[in-house]
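Step one of this worksheet: look at the structure below.
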Amino acid sequence: MAVVNQYDFVGIDNDTTNAELNPFGSGFPLVSETYVIRSILVTSAGTPSVTVTNNAITAIKTAALSANTTVELLTQPLIVEGGKTLTIKAGSADSFDFAVSYLNIKKEVTT
């Protein structure tokens, strides 16, 4: 079994919704993967509060953001294990964008 490390970035332009958003899409990370989140940047047009949950546990809950600013939410890396879900949600229907930089650790079977 080989371990492959892959650095990646994903950004989402969220238009005025306060739905829970999974930056990696549904079903990710896969069971054979682990994500090490290094940065979550949020830029808001309004003043929403932002909550980040990792497997339904609140990992980050911020106070209301200032309009037209970018804020780094992480002070330490955040681990998302395979088969778990990371979601980012605004407390109100304000428009905000977020960007996630992460390391994807893949366990690949080689023959």
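These figures come from a predicted structure and were not determined experimentally. Heavy atoms only: backbone and side chains are in, while hydrogens, waters and symmetry mates are out.
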[X] [atom1] to [Y] [atom2] distance, which is reported to the nearest 0.5 Å:
| X | Y | atom1 | atom2 | value |
| --- | --- | --- | --- | --- |
| Thr53 | Leu86 | OG1 | CG | 6.5 Å |
| Lys106 | Leu30 | NZ | CG | 8.0 Å |
| Thr87 | Lys84 | OG1 | NZ | 14.0 Å |
| Ile105 | Glu81 | CD1 | CD | 11.0 Å |
| Leu73 | Phe98 | CG | CZ | 10.0 Å |

For Thr34, enumerate each residue passing the side-chain hydrogen bond (donor to acceptor under 3.5 Å, both in side chains) test, keeping only those at least two apart in sequence or located in another chain.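 Thr34: no side-chain hydrogen bond (donor to acceptor under 3.5 Å, both in side chains) contacts found.
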Partners of Phe28 by ring pair (Phe, Tyr, Trp, His ring centres under 6.0 Å), sequence neighbours excluded? none
Is [Y] reachable from [X] through a run of I, L, V, M, F, W or Y residues, each pair having side-chain heavy atoms under 4.5 Å apart?
| X | Y | result |
| --- | --- | --- |
| Ile12 | Leu74 | yes |
| Ile88 | Phe9 | no |
| Tyr7 | Val36 | yes |

Mind jotting down which residue pairs meet the ring-ring contact (aromatic ring centres under 6.0 Å, His included) criterion with at least one end in residues 73-92? Sequence neighbours excluded, please. none
What pairs meet the ring-ring contact (aromatic ring centres under 6.0 Å, His included) rule with one or both residues in residues 30-78, with sequence neighbours excluded?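 Every pair satisfying ring-ring contact (aromatic ring centres under 6.0 Å, His included) with a residue in residues 30-78: Phe24-Tyr35, Tyr35-Tyr102.
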Closest heavy-atom contact between Ala67 and Thr47?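 Heavy atoms of Ala67 and Thr47 come nearest at N-CG2, 3.9 Å.
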Which donor-acceptor pairs under 3.5 Å do the side chains of residues 37-46 make with protein atoms, sequence neighbours left out?
| from | atom 1 | to | atom 2 | distance (Å) |
| --- | --- | --- | --- | --- |
| Ser39 | OG | Glu72 | OE1 | 2.5 |
| Thr43 | OG1 | Thr70 | OG1 | 2.8 |
| Ser44 | OG | Gly46 | O | 3.2 |
| Ser44 | OG | Ser66 | O | 2.9 |

Side-chain donor-acceptor pairs of residues 57-64 under 3.5 Å, sequence neighbours excluded:
| from | atom 1 | to | atom 2 | distance (Å) |
| --- | --- | --- | --- | --- |
| Thr62 | OG1 | Val50 | N | 3.0 |
| Thr62 | OG1 | Val50 | O | 3.1 |

